Amino acid sequence: MTGMNTNGNTYTVVYSTVLVILVAAILAFVAMSLQDKQNENIKVETITKVLSAAAQADESVTVDETTDVLDMYTKNIVEAFYVDGNGEVAGEMNMGKDNPKNIQVPSTADLKKQNDILKKIDGSKDESEKAELLKTLSLPVFVFDINGKKVTVIPCYGAGLWGPIWGYVALAEDGKTIDGAIFDHKGETPGLGAKIAEAPFYTSFKGKAFGTGEKVFAVEKGKHDDDPTCVDAISGATITSQALGRGINMWAKYYQPYLRTMAAAEADAEMSAAPADSTSASIPSESNEPVK
């Protein structure tokens with residue numbers, strides 16, 4: 001800028017422009033260099049949530065800030081895959097058995113994409129369109145072995161009062177009994193809607209169960225101790241609570257084809273494992289005397 005009047009407007013504009021471009025370039029470089037680390041942090045956070053839901057199936061298992069979640073995940077995960085709206089497997093996830101860095105889990109952005117498809121299906125009146133959309137779904141399924149107990153974890157996603165809310169629900173082998181749950185949010189009100197991410201709320205899901213039909217599950221105002229398919233809404237945060245309930249209900253509804261298949265397979269396995277009844281015990285004596 002030699003020869004330019006440093007007191008003039010042109011100098012000020014040029015200097016400001018160069019400075020803005022330089023700062024923007026530095027920020028862009030920093031953002032790009034940190035992208036991999038940010039993605040890794042997001043993946044670890046997701047894995048932690050999934051594990052936290054599954055671990056609630058056994059009171060002796062804990063997941064906290066001291067837990068090596070990548071190691072715990074690779075040791076306890078049995079299957080990780082996607083299903084479509086017909087319950088058919090639509091893809092596999094890398095479980096990281098060879099290398100924990102290779103673990104694949106869906107991000108909240110991925111869950112949002114699936115949620116958008118679910119809303120389209122729910123809002124469509126064209127049966128052929130619904131059938132095609134069901135085939136495009138890729139709903140995540142995580143299957144864990146928690147101290148010998150098979151636990152299946154599925155996600156949910158929806159819109160809260162101020163932003164997206166999401167979570168993970170752990171199911172027993174019958175495909176309906178809830179063994180654990182955990183939730184999170186982007187911007188719900190602290191002390192109110194944000195309480196969905198706190199233990200007093202999400203632990204109230206344990207022991208509840210998915211129903212059938214259009215109302216699979218709900219979170220509603222009032223006391224619902226006698227309703228296995230409903231959890232009490234958070235006092236003062238009814239809107240967020242009910243929004244979460246709608247999200248769980250919608251996602252659970254489209255997991256039903258897979259969950260029914262899972263439950264049927266488990267029932268068949270139990271039947272095959274049951275000892276055969278003694279035929280002599282079922283054959284009555286020809287006399288009136290008791291069988292000795």
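Computed from a predicted structure; not experimentally measured.
Annotation: the span from Lys113 atom NZ to Thr108 atom OG1 amounts to 11.0 Å, rounded to 0.5 Å.
Looking only at atom types and distance, the side chain of Trp251 has a donor-acceptor partner in the side chain of Asn115 under 3.5 Å away. Residues Asn102 and Asn94 bring no donor and acceptor atom of their side chains to less than 3.5 Å of each other. Asp126 and Ser124 form no side-chain donor-acceptor contact under 3.5 Å, judged by distance and modelled atom types alone.
Using a 4.0 Å cut-off between charged nitrogen and carboxylate oxygen, Lys49 and Asp184 count as a salt-bridge pair. Ion pairing between a basic and an acidic side chain is recognised when a charged N comes within 4.0 Å of a carboxylate O; Lys221 and Asp232 show no such pairing. Between Lys112 and Asp116, at least one side-chain nitrogen of the basic residue sits less than 4.0 Å from a carboxylate oxygen of the acidic one, meeting the salt-bridge criterion.
Within the 6.0 Å centre-distance limit, the rings of Phe183 and Phe205 are counted as a close aromatic pair. Between Tyr258 and Phe81, the ring center distance clears the sub-6.0 Å criterion.
In this structure, the side chain of Ser107 engages the main chain of Asp110 through a donor-acceptor pair within 3.5 Å.
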Query raised in the report: Is there a salt bridge (charged side-chain N to carboxylate O under 4.0 Å, His left out) between Glu132 and Lys135 once you walk through the steps?
Result: CA-CA 5 Å; Glu132 289 303 314; Lys135 296 177 184 178; 3.6 Å; yes

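Partners of Thr229 according to the side chain to side chain donor-acceptor pair (under 3.5 Å) rule, which considers only residues two or more places apart in sequence or in another chain, are Asp227.
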